[in-house]
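These notes are about the structure you will find just below.
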Amino acid sequence: MKIVYAFRRGVFYPHQGTDLPARAHRGKFLEKVKAIGFDGIELGTGVFDLPGSREEAIKALRGELEDAGLPCLAVRGGGGFAHPRAAARNQKGLEDAVRFAAQIGAGIVNTVLGTPPVDPGGKGTFRGEPVAQGSSRTAREEDFERTAQAISDVAKIAADLGVNISIELHQNTII
């Protein structure tokens, strides 16, 4: 088992944001995360802005993380496929996450199959309500079929690249 630091956003003086700290401060940030006891880090597909081509930037970031003893062990990306307006964008995002994971050396892509609420601000959009919009309880058969097909399509790409896909369980998801 490995314990992974799920980098979502950070405040590491003077840095604050959803991307990793600038290179000048990143070493100290990674050192601190490693000292806390994490074995690696989870990143999104757009958490860095390095010069050069994307391929060169990913290779450089991978080396930097591995040299710090904090390799990227998981990548997050994707989203739900049940809502037709979000399905294609989220499938591309999940495919991009799988490819990024293979390049950076992460064996897992972590995703959430959430959908945007049909009635934002309406009943079932807040945590703790008995029925959640976008949940399996309110899903239609076609929502399950669209989701299964999209996951199957991306899983083929992931299998070819040696990447596994994990799906988080959340309220407001089809899971």
Side-chain angles (χ1 to χ4, degrees), residues 1-10 18-20 30 33-34 37-50 53-66 68-118 127 132-175:
M1 179 175 75
K2 298 200 182 233
I3 307 297
V4 179
Y5 179 84
F7 184 83
R8 302 285 198 267
R9 65 199 62 77
T18 57
D19 55 338
L20 285 172
L30 296 173
V33 172
K34 180 71 178 168
F38 290 97
D39 298 308
I41 192 166
E42 177 198 64
L43 298 174
T45 58
V47 296
F48 62 97
D49 185 18
L50 298 171
S53 73
R54 182 163 171 83
E55 188 174 305
E56 290 170 348
I58 292 169
K59 184 177 180 181
L61 180 60
R62 179 178 180 171
E64 185 180 349
L65 294 172
E66 289 173 355
L70 204 68
C72 181
L73 296 176
V75 170
R76 71 180 174 283
F81 308 109
H83 196 290
R85 285 184 290 203
R89 179 186 70 239
N90 290 344
Q91 184 165 347
K92 183 182 181 324
L94 188 56
E95 290 171 2
D96 290 348
V98 165
R99 289 185 179 96
F100 175 62
Q103 290 177 299
I104 200 146
I108 297 173
V109 168
N110 188 32
T111 192
V112 174
L113 299 179
T115 57
V118 175
R127 286 177 173 71
Q133 288 188 40
S135 69
S136 58
R137 184 181 281 183
T138 61
R140 298 165 301 175
E141 186 66 27
E142 63 200 52
D143 298 335
F144 289 105
E145 290 170 1
R146 185 181 299 114
T147 298
Q149 185 62 58
I151 287 290
S152 294
D153 292 346
V154 178
K156 291 173 189 167
I157 296 168
D160 288 344
L161 295 172
V163 174
N164 294 302
I165 298 174
S166 69
I167 302 170
E168 290 185 20
L169 174 63
H170 286 270
Q171 180 175 346
N172 298 79
T173 70
I174 198 168
I175 302 303

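Everything numeric in this text was worked out from a predicted model, so none of it was measured. Start at 1 with the first residue, then count along the sequence.
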Run the side-chain contact (heavy atoms from CB on, under 4.5 Å) test on Ile165 and Ile108 for me, step by step, so that the C-alpha distance in whole Å, both residues' side-chain angles and the decisive distance to 0.1 Å come before the verdict. CA-CA 6 Å; Ile165 298 174; Ile108 297 173; over 6 Å; no

side-chain contact (heavy atoms from CB on, under 4.5 Å) assessment of Ile157 paired with Arg99: CA-CA 8 Å; Ile157 296 168; Arg99 289 185 179 96; 3.9 Å; yes

Show, in sequence, the C-alpha distance, side-chain angles and deciding distance for Leu169 and Val112, and conclude whether the side-chain contact (heavy atoms from CB on, under 4.5 Å) test is met. CA-CA 7 Å; Leu169 174 63; Val112 174; over 6 Å; no

Verdict with supporting geometry, Phe100 and Glu95, side-chain contact (heavy atoms from CB on, under 4.5 Å): CA-CA 9 Å; Phe100 175 62; Glu95 290 171 2; over 6 Å; no

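For Gly77 against Leu94, the heavy-atom pair with the smallest separation is O-CD1, 3.7 Å. Between Gly44 and Arg76, the shortest heavy-atom distance links the atoms N-NH1, 3.2 Å. Of all the heavy atoms in Ala97 and Val75, the pair that sits closest is O-CG1, 3.8 Å. Residues Phe81 and Asn90 approach most closely at CE2-C, 3.7 Å, considering heavy atoms. When all heavy atoms of Tyr5 and Phe38 are compared, the pair lying nearest together is N-CD2, 3.3 Å. Annotation for Ile58 and Gln103: closest pair CD1-OE1, 3.2 Å, computed over non-hydrogen atoms.
For Lys59, the NZ atom counts as loosely surrounded, since its 6.0 Å shell holds 12 or fewer non-hydrogen atoms of other residues, nucleotides or ligands. When the shell of 6.0 Å around CD of Glu142 is examined, it contains more than 12 heavy atoms from other residues, nucleotides or ligands.
Atom CG of Leu73 and atom CD of Glu42 lie 10.0 Å apart (nearest 0.5 Å). Ile174 contributes atom CD1, which lies 9.5 Å from atom CZ of Arg140 (distance to the nearest 0.5 angstrom). Here Leu113 contributes atom CG and Ile175 contributes atom CD1; the two are 4.5 Å apart, rounded to the nearest 0.5 Å. Rounded to the nearest 0.5 Å, atoms OG (Ser166) and CG (Asn110) are 3.5 Å apart. With rounding to the nearest 0.5 angstrom, the CG atom of Leu30 is 6.0 Å from the CD atom of Glu64.
Between the side chain of Thr111 and the backbone N or O of Ile167 there is no donor-acceptor pair closer than 3.5 Å. In this structure, the side chain of Lys2 does not engage the main chain of Asp39 through any donor-acceptor pair within 3.5 Å.
Contacts of Lys92 classified as salt bridge (Lys or Arg N to Asp or Glu O under 4.0 Å), with partners at least two apart in sequence or in another chain: Asp96. Glu145 meets the salt bridge (Lys or Arg N to Asp or Glu O under 4.0 Å) test with no other residue; sequence neighbours excluded.
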Could you list the donor-acceptor pairs under 3.5 angstrom formed by side chains in residues 147-156, with sequence neighbours left out?
| residue | atom | partner | partner atom | Å |
| --- | --- | --- | --- | --- |
| Thr147 | OG1 | Asp143 | O | 2.8 |
| Gln149 | NE2 | Asp153 | OD1 | 2.8 |
| Ser152 | OG | Ala148 | O | 2.8 |

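Looking at Glu66 and Cys72, their side chains never come closer than 4.5 Å, going by heavy atoms from C-beta outward.
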